[in-house]
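These figures come from a predicted structure and were not determined experimentally. All ligand and atom numbering here is 1-based and tracks the order in the structure.
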Amino acid sequence: MKVGYSNQFLRISHEVVDGLDRRLPVVALETTVLAHGLPYPQNLELAKEIDQICRSYGVVPATIGIIRGEIIVGMNFEEINTLISDEPLKIGTREIPYAVALKKTAATTVSATVRIARIVGIDVFATGGIGGVHPGDWDVSQDITELCKNTCVVVSSGCKSILDVRKTIEFLETFQVTVVGYRTTKFPIFYECISDYDLEYVVEHPKEIATIYTVKKELGIEGSVLVANPIPAEYAVSESEVQTYIKTALNECFEKGITGKTVTPYLLSRIAELSGGKTVRANAELIKNNVKLACEIARELAMGQT
Ligand code: PSU
Ligand code: MN
């Protein structure tokens, strides 16, 4: 398909088409974190705040999701509201064809969002945390395989400590994902900005990230640049505190027989309840912080093109 244009399965909003045509900075945003990661109405409020942040940077926001089989790039609030209220599926890249063909409503995870962003030609994507390697039986997120295949700048706050963080970092290496810490030498673990996991490659400025990405793209080295951007310290929740909530919630999963991809949404909602909303606030703040950095990178990339 021609980059930047809608087709029978995929509709790009006029604003995003215009942004891509004029080579304005555009940032892709996912919908799983809204639909499955945060409670209502905080998720809709966050969507509005993200939109405002993007606009304050002169960036076109491109929220991606699927409504009744139609892939939408550049969802408006009404569409976001429809999606989150419609008990959407949570889909990765491999489920995109299923959702479209069977006319499902679906929230896109990191993998599906990066793939759709690539299809339409968006280079920068902001999220909360990426999926990775789960502890225990084999369960490795498609996010990692997508990041190794498709070229995009992905700004995240690392991954949650409910994952096996060390194995996730090793998988990122095996699959040749370029990982850089933004002003940090530690791989962030979502709610907490410091961790026991060292990051070797550190950048200090959004322009450096834009250049790394441009080099990767120009040389044809497939795969993404994963930017590890820690939660602002004032909103961090200590890992020891988070661990107590996780322990309780995991025990409940075991007792209730909750497995597979419903585990993370269950853990997130229980951690939110057990922390009295503290983790929800942290989640929203780290996403906003990632959106800001993504906007700065997108602006640097756009400036480099002219
Ligand atoms: N981690 C979080 N919050 C999230 C997710 C992960 O801290 O909302 C979502 C993202 O959309 C991510 C997906 O791409 O979960 C990974 O799911 P799975 O492990 O099922 O691949
Ligand atoms: Mn999985």
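Closest to atom 11 (O) of ligand 1 among all protein heavy atoms lies Glu30 OE1, 2.9 Å. Residue, atom and distance of the protein heavy atom nearest to atom 9 (C) of ligand 1 are Thr32 CG2, 3.9 Å. Of all protein heavy atoms, the one closest to atom 7 (O) of ligand 1 is Lys160 NZ, 2.1 Å. Nearest to atom 16 (C) of ligand 1 among the protein's heavy atoms is Asp143 OD2, 3.7 Å. Of all protein heavy atoms, the one lying nearest to atom 19 (O) of ligand 1 is His134 NE2, 3.5 Å. Among protein heavy atoms, the minimum distance from atom 6 (C) of ligand 1 is reached at Gly129 O, 3.6 Å. Looking only at protein heavy atoms, the nearest one to atom 20 (O) of ligand 1 is Lys90 NZ, 2.9 Å. For atom 21 (O) of ligand 1, the nearest non-hydrogen atom of the protein is Ser141 OG, 2.7 Å.
Defined by atom type and a distance below 3.5 Å, a donor-acceptor pair is missing between the side-chain atoms of Gln142 and Thr109. For the 3.5 Å distance criterion, the side chains of Thr108 and Glu30 fail to qualify, holding no donor opposite an acceptor. Lys216 and Thr151 share no side-chain donor-acceptor pair at under 3.5 Å.
Interface atoms of ligand 1 facing Thr109, defined by a heavy-atom separation under 4.0 Å, are 11 (O), 13 (C), 14 (O). Atom numbering of ligand 1 starts at 1 in the shown order; those under 4.0 Å from a heavy atom of Val33 are 8 (O).
Between Glu241 and Lys278 there is a salt bridge, since at least one side-chain N of the basic residue sits less than 4.0 Å from a carboxylate O of the acidic one.
Considering every non-hydrogen atom in both Leu268 and His36, the closest pair reads CD1-O, 4.2 Å.
Restricting Asp139 to its N/O/S atoms, the shortest distance to the Mn ion (ligand 2) is reached by OD1.
The side chain to side chain contact (heavy atoms under 4.5 Å, CB included) test with Lys104 is passed by exactly one of Asp86, Leu89, Ile67, Ile66: Leu89.
Taking the centre and axis of the six-membered ring of Phe77, the NZ or CZ atom of Lys48 falls inside the cone set by 45° and 6.0 Å.
Leu29 has its side chain within reach of Ile50: a pair of non-hydrogen atoms, C-beta onward, lies under 4.5 Å apart.
Where the criterion is an N or O separation shorter than 3.5 Å, residue side chain and backbone included, Leu268 fails it with respect to ligand 1.
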